Amino acid sequence: MVQLFILLVANCQPQLSYNGLTTAIEWDNYSFFILGNRTFIQSGEFHMWRLPVPSLWRDIIQKAKAAGLNTISVYFHWGLINPRPGEVDLTGINDYQPFFDAAKEEGIWVIARPGPYINSETSTGGIPGHVAWIPGDPPWNLYNGELRSNDTFYHAAWQDYWTGVISLISKNQVTNGGPVILLQIENEYYNGPGQNQYVDQLRQRAIQLGVVIPTFVNDAGEFDNLVNDTDLYGFDAYPLSASGCGNANPAIWPAIPTTWRAYFDATVPGKPHFFPEFQGGSADNWGSTGGYANCRELVGYNFQRVFYHQMWADGATAENFYMFYGGTTWSQLPYSQGYTSYDYGAPITAKYGELKLQSLFLRSFTDFYMTDLIKTDTTTVPNVFITQLQNPLSKSSFYIFRPNSVATTNTTINFQYNIGQANTLVPQNGASLTLLGRDSFVIATDLSFGTSKLQYSTASLLTFLELDGSDLLVVYGYTGMPYEMAFELSGAVTQIITGPTQVTGKATNGTYILNFSPSTGVTLVNLTTPSGQDIAVLIADYNAATQIWQPTIAGRGNFVNYVGMSASTPLIVSGLYLVRNASLDEQNLALWGDVGENTKIEIFGPSVIASLTWNNDLVQTLTQTGTGTWQAIIPFSTPLVSLPDLESATWRYRDSLPEIQPDFDGFAMVPANQTTTTSVFPPYYGEPWILYADQYGFHAGNLVWRGTFMHNSSTTAPTAINISSSGAVNYAASVWLNTNYLGASDTRARTNNNTFPVSDESLIDGENTVVVLQDHMGGDLSGQDMCCTPGGRARDLQQPRGLQGYYLGGLYGERAGWHLPGYDDSLWEERTPFQGIAQPGVGFFRTTFQLDLPENYDIPLSFVFDSTIGHYRSQLYVNGWQMGKRIANIGPQTAFPVHEGILDYHGINTVVLSLWALGNGTADRAIPSFKLVANGTYAGGIQGISTNNPDWTELRGNFGVPL
Ligand SMILES: *[C@@H]1O[C@H](CO)[C@@H](O)[C@H](O)[C@H]1NC(C)=O
Ligand SMILES: *[C@@H]1O[C@H](CO)[C@@H](O)[C@H](O)[C@H]1NC(C)=O
Ligand SMILES: *[C@@H]1O[C@H](CO)[C@@H](O)[C@H](O)[C@H]1NC(C)=O
Ligand SMILES: *[C@@H]1O[C@H](CO)[C@@H](O)[C@H](O)[C@H]1NC(C)=O
């Protein structure tokens with residue numbers, strides 16, 4: 001008996017685990033505890049380096065918080081922070097302290113993921129070029145450098161970066177008053193002889209540098225990798241596949257995985273079911289046909305409902321959606337398959353509403369943080385997969401319904417089902433539960449909210465709050481579909497309905513049952529009893545529900561804005577485009593947010609409210625309704641937005657390929673004269689020179705090779721030039737002999753071996769010049785072996801015998817700083833990119849324009865190229881930042897968003913286009929059209945965005961030192 005008693009106590013008060021360094025973050029087999037409070041970690045991924053305007057980071061944080069998330073997960077980029085050996089740069093766009101500060105102020109936790117390797121569709125997974133090319137020769141690996149192992153050279157290579165980035169993270173840990181709760185070590189990595197030791201070395205060094213929060217690894221799948229090497233373990237799940245979604249058929253879904261719970265239970269017993277990356281969208285590749293619009297449809301809101309609910313069914317209590325906000329992989333940061341936009345079909349642009357519905361539910365109903373699996377039932381209702389979870393303490397249950405097979409089923413299923421402690425067959429009124437073909441819903445039973453008790457609701461729960469003594473429960477459902485709710489409520493119930501939805505109520509034996517089919521909008525149902533036991537229900541149709549906001553009100557003490565710590569959530573606002581923040585001082589409710597039209601809102605909140613401000617302006621239209629709510633009109637006035645017409649602008653032009661001229665002076669090129677290499681990819685021919693760009697410190701961008709050879713017309717003339725060039729898939733190369741264009745290599749293969757015939761007339765008696773222009777396209781990502789995919793790092797480029805030396809550089813225009821604001825182009829020829837260039841080659845086109853956009857509006861802008869196919873490549877530079885790369889024969893990206901902060905919305909902007917024509921047709925030598933367009937106009941936004949753009953002089957200081 002005594003033993004049994006102890007067992008029961010142990011069951012009710014589970015033993016918490018921690019990592020031996022701090023109890024600030026603990027866990028049991030159900031979920032995490034943050035500062036002693038059981039938490040469901042609901043997180044979204046964001047990369048500050050993909051939004052290189054620090055004053056906009058708060059915008060993303062506020063949007064995550066408004067969506068009901070409590071955490072943001074961030075990758076750090078080794079290559080950006082440690083671009084050269086010995087240099088650690090945590091300033092400017094790499095200064096992440098403002099991000100941590102903003103996260104703390106807004107009330108969002110942070111999961112730090114500094115790699116060192118991050119993958120993330122960025123060149124070499126973030127590993128800087130100088131590290132990717134280190135020598136090394138470990139016995140267990142055929143390849144040089146053995147990156148991501150305990151290799152001696154590699155070990156030395158990560159020290160500076162790790163010390164810098166971990167010191168910053170360490171300072172911002174929750175134990176130091178900051179927002180950081182977890183630290184991921186490495187990424188998607190594997191067990192291996194030197195690999196486990198490497199992960200341990202990273203972790204130990206982090207602890208030396210002051211890290212006390214738990215560390216974890218993120219396995220690339222259910223692969224049992226590195227399971228016990230850190231404190232915690234999680235794995236990626238991309239059920240619809242993570243790349244190339246622009247070509248996928250949105251109508252085809254694979255089967256839903258059903259292994260997640262069993263895998264976690266077997267692999268990390270006693271630890272929370274943690275998904276450090278769950279599919280939030282998908283990456284797209286060069287050449288896709290559908291682009292991100294297709295990705296957003298494939299990984300759409302119905303995917304969120306079906307697959308995220310399944311993750312809950314498998315016991316997940318920590319989930320991070322990759323990405324929440326994708327951003328821009330600007331400059332040469334993309335890997336070889338990725339184009340500039342990293343939109344990712346991420347929820348911040350679409351799907352935001354569904355994410356918010358789920359997140360507010362999770363934030364509000366804490367019984368869900370601790371549940372046991374009671375049953376999965378695939379037989380009672382044909383074709384329906386039902387999971388019952390139950391909180392062992394409160395006995396509230398959550399039934400998750402979805403179609404058994406989403407791959408093939410797209411039919412509506414109507415049924416009834418027995419639920420709850422009372423085993424009630426619902427709906428009791430004889431109607432049906434309706435499960436749409438690709439949908440899922442959750443029914444909660446036996447759930448307390450405030451001082452009230454819900455017996456069950458077939459409508460989805462959104463949130464609840466206490467409203468002047470009565471409990472307000474917010475629910476939603478699809479328009480016209482029947483729902484039923486039952487409350488414990490005794491005595492004579494008076495029911496008052498305000499709003500468009502017809503609601504019937506019925507009292508039986510201490511239970512009060514509501515039946516309704518939502519109409520468009522929100523409907524308030526007030527249930528009052530003589531005993532003063534009052535319940536209010538707010539019913540919203542699905543779309544109206546996505547317009548409901550529940551901002552937090554700061555409390556006192558530490559972590560003032562965190563839900564679960566000091567913040568409270570005493571009100572909801574219905575009808576707005578975005579509510580970022582709120583405060584309640586005395587009798588004034590202050591709201592901050594964005595609107596794009598005159599908007600009628602309704603506020604459900606404490607009765608003390610007497611006035612309302614919106615973005616600091618008093619709202620005159622506030623009125624209180626008979627039911628105690630407030631209504632107001634949030635005004636919007638359409639501002640004058642005047643954008644320049646770039647097609648009639650003055651552009652200045654200069655040729656950017658002087659290297660093909662015989663008298664070229666070699667400006668800013670480096671000699672490519674090395675004769676040995678540690679590369680495992682031997683040059684094919686052309687000894688003795690090693691013509692691998694990385695070997696000379698060129699790890700990205702356009703590469704110009706210039707070589708000369710002597711020819712004597714009295715000897716046999718060469719008849720052809722053989723070029724073997726490599727640049728990773730999607731690269732291209734162009735070849736000139738003495739100003740004559742020999743042609744292009746552009747097959748989308750990794751390497752091209754070409755023979756270009758040479759005519760006698762094109763040869764010069766004396767010194768002849770060969771120029772090859774190629775692009776590098778960025779490093780590859782690790783393959784299955786997570787290290788050194790053969791060919792992945794080779795950039796061989798060999799020239800014909802007889803070459804007498806080679807010089808290497810980037811585009812002339814970049815070497816000379818023509819892409820930078822402040823460069824004096826006044827003497828350049830006036831010519832537009834629409835006129836283009838006369839023959840295959842490279843031209844630079846510059847223009848400037850003034851912007852003077854209205855203050856206090858968020859007006860996203862994009863530069864848009866024509867979608868016409870042409871054989872050219874063009875890079876877009878905005879105020880010195882390379883914000884786009886268009887490949888007009890591969891695509892798909894034509895629109896390049898550029899944020900305020902890169903663009904100066906109140907000043908002069910410099911826009912530069914490089915045009916590399918690979919073909920000789922009209923469509924290859926000119927850009928058909930190029931426009932600046934607005935993608936919306938919202939009053940609100942983030943104010944005080946500072947611009948911090950490079951100027952011409954500044955970068956000249958670094959000139960000649962390759963990255
Ligand atoms: C790396 O780890 C392997 C496997 O444990 C070991 O054999 C090797 O000696 C280690 N190398 C270094 C440089 O520590
Ligand atoms: C990890 O540790 C747990 C607990 O000690 C153990 O049950 C499990 O087998 C270990 N897993 C691996 C893959 O080493
Ligand atoms: C499933 O059916 C709905 C409703 O008829 C339709 O809108 C949707 O396109 C269908 N989806 C697929 C993948 O067939
Ligand atoms: C934990 O969260 C609950 C629910 O939000 C709250 O009532 C409680 O005060 C919190 N506990 C601590 C220690 O902050």
Side-chain angles (χ1 to χ4, degrees), residues 10 14-21 25-33 85 115-117 127 131-163 182-208 214-237 259-276 314-318 372-373 678 680 782 784-788:
Q15 191 62 46
L16 299 191
S17 303
Y18 75 109
N19 66 354
L21 295 172
I25 310 296
E26 299 165 289
W27 59 86
D28 62 12
N29 55 327
Y30 296 108
S31 41
F32 283 94
F33 287 72
Y117 179 86
I127 293 181
V131 175
W133 205 248
I134 53 169
D137 189 28
W140 63 88
N141 194 291
L142 295 172
Y143 309 119
N144 64 320
E146 182 63 358
L147 303 177
R148 306 174 71 195
S149 79
N150 64 352
D151 168 79
T152 317
F153 286 105
Y154 181 71
H155 184 267
W158 56 259
Q159 297 304 320
D160 289 342
Y161 165 66
W162 202 241
T163 301
L182 293 169
L183 173 68
Q184 184 183 312
I185 304 283
E186 256 288 336
N187 185 48
E188 297 164 357
Y189 208 29
Y190 284 68
N191 294 321
Q195 281 71 13
N196 297 69
Q197 195 188 4
Y198 160 56
V199 166
D200 193 48
Q201 288 165 344
L202 289 167
R203 181 170 171 274
Q204 288 306 330
R205 179 70 184 133
I207 291 169
Q208 264 177 20
T215 54
F216 69 96
V217 292
N218 174 36
D219 203 345
E222 293 154 70
F223 301 139
D224 280 313
N225 284 304
L226 303 163
V227 170
N228 289 325
D229 292 50
T230 54
D231 303 313
L232 294 152
Y233 169 89
F235 63 88
D236 284 351
T259 52
W260 292 330
R261 178 184 288 273
Y263 176 78
F264 272 120
D265 285 346
T267 310
V268 280
K271 297 183 183 181
H273 296 191
F274 176 22
F275 287 91
D314 282 303
T317 52
D372 292 315
L373 174 67
T678 53
V680 294
S782 282
Q784 257 319 84
D785 66 9
M786 288 292 138
C787 175
C788 313

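From a predicted model like this one, the values you see are computed outputs, not experimental measurements. Whatever order the structure lists them in is the order used to number ligands and atoms, beginning at 1.
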Problem - The single option from Asp314, Asp265, Thr317 passing side-chain hydrogen bond (donor to acceptor under 3.5 Å, both in side chains) against His273 - result: Asp265
Practice task
Please confirm whether Asn150 comes within less than 3.5 Å of ligand 1 when only nitrogen or oxygen atoms on both sides are compared.
Solution key: yes
Exercise for the section: Using protein heavy atoms only, decide if any is under 4.0 Å from atom 9 (O) of ligand 2. Expected result: no
Handout entry: Sidechain N-carboxylate O distance under 4.0 Å for Lys271, Asp28
Key = no
Practice task
Output yes when the distance from some N or O of ligand 1 to some N or O of Gly194 is under 3.5 Å, and no in every other case.
Solution key: no
Exercise for the section: Classify the ring geometry between Phe235 and Tyr233 as parallel (under 30°), tilted (30 to 60°) or perpendicular (over 60°). Expected result: tilted
Handout entry: More than 12 heavy atoms of other groups within 6.0 Å of Tyr263 OH
Key = yes
Exercise for the section: Could you find the nearest protein heavy atom to atom 5 (O) of ligand 2 and give me its residue, atom name and distance? Expected result: Asn228 ND2, 4.8 Å
Problem - Trp27 ring center within less than 6.0 Å of Phe274 ring center - result: no
Exercise for the section: For atom 14 (O) of ligand 2, decide whether some protein heavy-atom distance is shorter than 4.0 Å. Expected result: yes
Exercise for the section: Starting from atom 7 (O) of ligand 2, locate the nearest protein heavy atom and write down its residue, its atom name and how far away it is, to 0.1 Å. Expected result: Pro269 CG, 4.4 Å
Fill in the blank from the handout: A student checking ligand 1 against Gln197 at a 4.0 Å heavy-atom cut-off should list atoms 1 (C), 2 (O), 10 (C), 14 (O)
Practice task
State whether Tyr154 and Arg148 meet the cation-pi test: NZ (Lys) or CZ (Arg) under 6.0 Å from the six-membered ring centroid, and within 45° of the perpendicular axis.
Solution key: no
